[in-house]
Amino acid sequence: MGEKIPIGSDHAGYELKEDLVNYLRELGFEPEDVGAPGTEPSDYPDFAAAVAGPVSRGERRRGVLICGTGIGMSISANRLPRVRAALAMNENMAEIARRHNDANILALGGRLLAPQQARGILKKFLETGFDGGRHLRRVEKIEKLGPG
Ligand code: RB5
């Protein structure tokens with residue numbers, strides 16, 4: 001089996017999440033769907049925690065979160081230690097989020113992206129490595145940031 005990738009959404013990201021679960025399988029990954037069961041209203045922080053928790057604890061390398069805009073998911077997921085969730089609206093953002101920020105969670109806006117766009121962004125996120133070097137120093141400084 002391929003790498004396990006937790007993926008979750010609230011109601012607003014549900015349809016795109018369904019498509020991306022299939023796409024992850026096509027790419028040879030093992031998606032772990034921890035998202036809302038359907039389009040009934042639900043609360044995005046619950047699903048952000050379900051994906052970001054295993055990444056924060058080092059049990060999973062990376063994950064995917066989808067809400068209406070991707071904003072609520074990224075704000076929520078980034079509260080957890082060692083989580084670097086990046087909202088990407090295009091492939092360039094996904095590539096730079098990996099190369100410069102070593103992003104370990106991709107946040108997407110289900111109400112803003114067509115499935116084909118989202119697939120391209122997800123593929124770029126998954127296939128792009130971290131550049132390291134000066135970017136490593138900066139990423140390490142993120143973990144040193146803390147409450148006042
Ligand atoms: C739900 O209506 C919406 O607020 C949520 O999916 C997300 O976009 C929040 O950031």
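Indexing begins at 1, ligand by ligand and atom by atom, following the structure's order.
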Quick test: of every protein heavy atom, which one is nearest to [atom], and how far off is it to 0.1 Å?
| atom | value |
| --- | --- |
| atom 10 (O) of ligand 1 | G72 N, 2.8 Å |
| atom 2 (O) of ligand 1 | R111 NH1, 3.3 Å |
| atom 4 (O) of ligand 1 | Y44 CE2, 4.6 Å |
| atom 5 (C) of ligand 1 | D10 OD2, 3.3 Å |

Give the numbers and elements of all ligand 1 atoms closer than 4.0 Å to a heavy atom of [X].
| X | answer |
| --- | --- |
| H11 | 1 (C), 2 (O) |
| A12 | 6 (O) |
| G68 | 5 (C), 6 (O), 7 (C), 8 (O) |

Show me, pair by pair, the donor-acceptor contacts under 3.5 angstrom made by side chains of residues 63-82, not counting sequence neighbours?
| from | atom 1 | to | atom 2 | distance (Å) |
| --- | --- | --- | --- | --- |
| T69 | OG1 | I71 | N | 3.0 |
| S74 | OG | G70 | O | 2.9 |
| S74 | OG | I71 | O | 3.0 |
| S76 | OG | G72 | O | 2.7 |
| N78 | OD1 | A85 | N | 2.8 |
| N78 | ND2 | S74 | O | 3.0 |
| N78 | ND2 | A85 | O | 3.1 |
| R82 | NE | S56 | O | 2.8 |
| R82 | NH2 | S56 | O | 3.0 |

N or O contact, C67 vs ligand 1, cut-off under 3.5 Å: no
Under 3.5 Å between any N/O of G70 and any N/O of ligand 1: does that happen in this structure? no
Using side chain to side chain contact (heavy atoms under 4.5 Å, CB included), reason through Q117 and L112 one step at a time and then give a plain yes or no. CA-CA 10 Å; Q117 283 177 297; L112 305 176; over 6 Å; no
Have a look at D131 and tell me which of R137, R98, R99, R138 forms a salt bridge (Lys or Arg N to Asp or Glu O under 4.0 Å) with it. R99
Using side-chain contact (heavy atoms from CB on, under 4.5 Å) as the criterion, point out the one residue from V51, L87, I5, L122 that pairs with L106. L122
M73 near ligand 1, heavy-atom distance under 4.0 Å? no
Show your working on side chain to side chain contact (heavy atoms under 4.5 Å, CB included) between K17 and F47 and close with a plain yes or no. CA-CA 12 Å; K17 186 268 299 171; F47 308 104; over 6 Å; no
Just distance, no hydrogens or angles: give the donor-acceptor pairs under 3.5 Å from side chains in residues 34-45, sequence neighbours left out.
| from | atom 1 | to | atom 2 | distance (Å) |
| --- | --- | --- | --- | --- |
| S42 | OG | H11 | N | 3.1 |

Pair E59 + K4, salt bridge at N-O below 4.0 Å: no
